[in-house]
Amino acid sequence: MKQSFCHIQLLPPELRNQIAAGEVVERPASVLKELVENSIDAQAKNIEARLDDGGQALIRVQDDGRGIPESELELAVTRHATSKISSFADLENISTYGFRGEALPSIASVSHFRITSIVEGSEAQNLEVEYGKIVSRGAAALHRGTVIEVRDLFSNLPARLKFLKNPATEFKRAQNWLARLALARLDIGFRFLGGEREILNFLPAQSLVQRLAQIWPTGITDELAPFEGQNRGLAVHGMLAPPNLCQPRGDRIYLYVNGRAVNDKNLLGAVRTAYKGRLISRDYPQVVAFIEIDPAMVDVNVHPAKTEVRFQDEPTVIGTLVRAMRNTLDSMNPVGISDNTQMQMVKSDNLWEFREEPIIASQKPARREPWEIVDLPCSYGFESKGDPAPTLHEEIANFRSAQHGPQDLTAKEAELIWPPEAPTSHQKPGISSACPGNSPAGIVYLGQIADTYLILRDQDGAMLLLDQHAVHECILHERFLEDGLSGQGQILALPLEIRLEPSEMQRFREISQILPRFGYDLSLSENILQARAIPPLLSRNEAREFLTEALESRKDDLNALLVSMACKRAIKAGQKLSPDEAMGLVSQWLDCKSPSNCPHGRPCAIRYDKNALEKLFKRR
């Protein structure tokens, strides 16, 4: 095929503007973004935005900020003209929302564009542009600020027009963007209209929670808790919802850097890491997080729309955000959640991966004992005779003493006995018995549903539903953290042998330094893996299952293997428990440092008090 030859030549200004428009003007929401950010940079205190027909018919933005002088109106729609930077140093220290000179001319090149503005002490002027060409200018009527109207967006570009969604979808995108911006600028009033109808109205000086209440359900905003942290001149703050208020989408994770909304993969990963162990992998938390940092320490020009950023010291930013959020999440749980893992960040393919390893007992920092829950008086069933009511810790200790005799049990002896030396015919391995008549901490066992969920009544009369598998996983995981990493295994009289595939042999070489910490004594001869010792807390078959899974999966960090081992050993859903076994499980669960969630992040218990039950039955 014969190729045509073209000489190098300058493109016409109209075509250059349309090409530039493709970078910054994708849809009505991006037009709204450019116009509103310009209003903020003009120090506006009140901004009103209106969209007709999803923004395709009309996008109108009016503000009360500093206007544009008559002599600069034409420059405002000229490419590469701006009032926001004047040198390369300004480019490296951007403190405004935008600076690009192509925003207004790009928008004007794909629409009927009209701008009206006034500077204090002068008369208002307007300028009209049709698809990149100025068609008129002159005096206008305006009291203050600037008004920009964009009509018939993309009507001169049918190919671009057909890629727009229906008007309702485009309107929703614009609304969501404006709402996110309003959360970052509490000092500015924002009003958003759909035609003549008011959709949002954020008043100046509202609190973050007040603004969130307009866009999030009340049940969520009522439960939000603040977090904050500082490190090396960096500040993070925001609001987060408890783990139980998760959702299957990540559209309520709002991230900001120096007041600018961003969609950054590493920051999103930091938020999910903070909730790790509290949510299952398919759930997302609800968080608003702000990062304030020296503009010179962050590059906001990674993306044309400035939705991505690059930090000079990324580990410090990520680590500070995770720690601040975790501190608040820890304080949310009334029984006090212990962070039994330490975060490690490894960068791969320009993306930070978060891995957690358990803190071995010798590495753990000193922690205050007893935990917060043991300081709460438990008066349920306690007849006061002038002495203070016993604490929950004392109630449980008394309960155990009644079961095991008057001897003073150590914390180690009071832990889960695994496996029982002589289990009775009705006991399940790994569950010590308890008499249901002497329930710990005033908790009364009521029964089991579907051989999976335990029903209890707590000391306040509320109903507790426990997932027996999740509860047992929680107990075992903490047991493994305390005792399972000593490296001391149980010697087998007859070694355990597993024949490996080539991929499994390679996998074994990758994790061969980790497995001995569990108590495994392993050697590989040709394709035969031989175990001469196995973890003391696993049976022979369980040890084989654990090795098989470890060699088949891609769990590279120690904690993931611990979680897998706890899951293998825990009682399963559908396994019937006797009342004493159920209460034995409950009493051990109450001693856990992290009782709220299993190692996979699923909740261990759900609590319904009188008010919650009345709502379920529509009594209130």
Side-chain angles (χ1 to χ4, degrees), residues 335 373-374 376 378-383 390-407 409 411 413-479 537 566-567 569-592 594-598 602-610 612-613:
V335 297
I373 189 171
V374 305
L376 299 176
C378 297
S379 57
Y380 184 87
F382 181 79
E383 187 175 341
T391 65
L392 178 56
H393 187 273
E394 291 168 340
E395 285 277 9
I396 295 175
N398 293 338
F399 159 71
R400 285 176 169 163
S401 179
Q403 300 307 309
H404 298 278
Q407 67 270 24
L409 295 178
E413 292 168 336
E415 281 287 345
L416 175 64
I417 301 171
W418 188 305
E421 294 182 2
T424 63
S425 59
H426 65 274
Q427 278 186 294
K428 306 302 179 292
I431 306 176
S432 51
S433 298
C435 175
N438 283 326
S439 302
I443 290 179
V444 178
Y445 176 67
L446 301 176
Q448 186 184 30
I449 295 179
D451 293 340
T452 299
Y453 305 102
L454 308 181
I455 310 175
L456 305 103
R457 184 177 68 232
D458 68 12
Q459 62 269 32
D460 297 320
M463 181 177 69
L464 292 175
L465 290 177
L466 272 62
D467 181 327
Q468 64 189 35
H469 177 71
V471 165
H472 205 187
E473 275 188 324
C474 183
I475 296 168
L476 297 180
H477 186 246
E478 292 202 3
R479 174 69 183 257
L537 303 180
C567 185
R569 188 60 167 135
I571 59 174
K572 303 300 186 287
Q575 191 168 346
K576 191 173 183 61
L577 300 182
S578 64
D580 60 336
E581 290 170 341
M583 284 311 302
L585 193 67
V586 171
S587 66
Q588 296 161 52
W589 172 67
L590 287 172
D591 265 1
C592 287
S594 303
S596 295
N597 301 84
C598 79
R602 291 191 301 271
C604 290
I606 298 175
R607 184 177 186 271
Y608 292 95
D609 60 10
K610 180 175 179 289
L613 290 172

*Side chains of Leu585 and Leu454 in contact at under 4.5 Å (non-hydrogen atoms)*: yes
*Nearest heavy-atom pair of Gly574 and Thr452: which atoms, and what distance?*
N-OG1, 2.9 Å
*asked:* Looking at every heavy atom in both His469 and Asp467, which two are closest together, and how far apart are they?
replied: N-OD1, 3.0 Å
*Heavy atoms, side chains only, cut-off 4.5 Å: are Pro595 and Leu590 in contact?*
no
*Looking at Cys604 and Cys474, what are the two nearest heavy atoms and their distance?*
SG-CB, 4.0 Å
*Minimum side-chain heavy-atom gap His477-Cys567 below 4.5 Å*: no
*Leu466 vs Tyr453 side-chain heavy atoms within contact, under 4.5 Å*: no
*asked:* Closer than 3.5 angstrom, by distance alone: can the side chain of Gln448 be matched with the main-chain N or O of Leu577 as a donor-acceptor pair?
replied: yes
*asked:* Restricting to side chain to side chain contact (heavy atoms under 4.5 Å, CB included), what partner residues turn up for Ile606, sequence neighbours left out?
replied: Tyr608
_Do Asp460 and Asp609 have side chains that approach each other closer than 4.5 Å (heavy atoms only, starting at C-beta)?_
no
*Answer yes or no: is there a side-chain heavy-atom contact under 4.5 Å between Gln588 and Val471?*
no
*Modelled atom types, side-chain donor and acceptor of Gln468 and His472, under 3.5 Å*: no
*Measure the spacing between CE of Met463 and CZ of Arg457 and express it to the nearest 0.5 Å.*
12.0 Å
*Heavy atoms, side chains only, cut-off 4.5 Å: are Leu464 and Val586 in contact?*
no
_Here's a test for you: under salt bridge (charged side-chain N to carboxylate O under 4.0 Å, His left out), which of Arg479, Arg602, Lys572 qualifies with Glu473?_
Arg602
*In Å, rounded to the nearest 0.5 Å, how long is the span from OH of Tyr445 to OG of Ser578?*
8.0 Å
